[in-house]
A.B. asks: 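My structure is below; once you've seen it, I'll send some questions.
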Amino acid sequence: MTEPVTTGPAGWITLPDVSEKLGVPISKVHQLIRERALLAVRRDGIRVVPAELVANATVLKHLPGVLTLLHDAGYNDEEALRWLYEPDEALGGNAATALGGPLAREAKRRAQALGF
């Protein structure tokens, strides 16, 4: 098992809170996670989502594509989380931050390059 990432999200939100924020049933949140449209990891036995990945009552636009690319490159959820929050000043801090702004396509391109 991969070690949990120790640096990263500024905050975590539980799946029921994600459900409330997105305005969808909890079953839809579970479906988003299964389909790799949203990333959830266990912390202290509870599945949580980095708060930055659910912005303005939606999942960040490029997140599902990036998660698919990382999964296709062999990354598990903890490794994907580590990649998203690895410091990268060229992306404005890290890939997770970039996905919410004008550098989203660059972050997606970098994830795509991992598969080659």
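Keep in mind that the numbers below use all heavy atoms, side chains included, and drop hydrogens, waters and symmetry copies.
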A.B. asks: Determine whether L114 and W83 make a side-chain contact, defined as any pair of heavy atoms from C-beta on separated by less than 4.5 Å.
C.D. replies: yes
A.B. asks: Please give me the minimum heavy-atom distance between A40 and V49, naming the atom from each residue.
C.D. replies: CB-CG2, 4.0 Å
A.B. asks: Show the numbers, then the answer: is there a salt bridge (charged side-chain N to carboxylate O under 4.0 Å, His left out) between E106 and R109?
C.D. replies: CA-CA 5 Å; E106 176 61 18; R109 187 197 63 73; 2.7 Å; yes
A.B. asks: In terms of hydrophobic clustering (I, L, V, M, F, W, Y; side-chain heavy atoms under 4.5 Å; direct or indirect links), are Y75 and Y85 co-clustered?
C.D. replies: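 Shared cluster, yes.
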A.B. asks: Measure the shortest side-chain to side-chain distance between I33 and L39 over non-hydrogen atoms and say whether it is less than 4.5 angstrom.
C.D. replies: no
A.B. asks: Restricting to non-hydrogen atoms, name the atom on A111 and the atom on L70 that form the minimum distance, rounded to 0.1 Å.
C.D. replies: CB-CD2, 4.2 Å
A.B. asks: Check the pair V48 / L15 against side chain to side chain contact (heavy atoms under 4.5 Å, CB included), numbers first and verdict last.
C.D. replies: CA-CA 6 Å; V48 291; L15 300 190; over 6 Å; no
A.B. asks: Does anything in residues 15-30 pair up under side-chain hydrogen bond (donor to acceptor under 3.5 Å, both in side chains), and if so which pairs, sequence neighbours excluded?
C.D. replies: T14-D17
A.B. asks: Is it true that L91 and V66 fall in one hydrophobic cluster, defined by side-chain heavy atoms closer than 4.5 Å?
C.D. replies: no
A.B. asks: What do the steps show when you test R42 against D77 for salt bridge (charged side-chain N to carboxylate O under 4.0 Å, His left out), and what is the final call?
C.D. replies: CA-CA 10 Å; R42 287 201 182 275; D77 290 343; over 6 Å; no
A.B. asks: Would a 4.5 Å heavy-atom cut-off, applied to side chains only, mark L38 and V18 as touching?
C.D. replies: yes
A.B. asks: Looking only at non-hydrogen atoms, find the nearest pair between L103 and A90 and report the distance.
C.D. replies: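 Closest approach of L103 to A90: CD1-O, 3.6 Å.
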A.B. asks: Write down the atom of A37, the atom of L63, and the distance for their closest heavy-atom approach.
C.D. replies: O-CD2, 3.9 Å
A.B. asks: Of all the heavy-atom pairs spanning E79 and G74, show the shortest one and how long it is.
C.D. replies: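 Looking at all heavy atoms of both residues, the shortest contact is OE1-O, 3.6 Å.
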A.B. asks: In chain order, what residues pass the side chain to side chain contact (heavy atoms under 4.5 Å, CB included) check against D72, with sequence neighbours excluded?
C.D. replies: T68
A.B. asks: Could you tell me which non-hydrogen atom of E52 sits nearest to which non-hydrogen atom of A10, and how far apart they are?
C.D. replies: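 So the minimum-distance heavy-atom pair works out to OE2-N, 2.7 Å.
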A.B. asks: Linking I/L/V/M/F/W/Y whenever their side-chain heavy atoms sit closer than 4.5 Å, directly or via other members, would L32 and L69 fall into one cluster?
C.D. replies: no
A.B. asks: Walk me through whether H71 and N76 qualify under side chain to side chain contact (heavy atoms under 4.5 Å, CB included).
C.D. replies: CA-CA 6 Å; H71 179 270; N76 65 31; over 6 Å; no
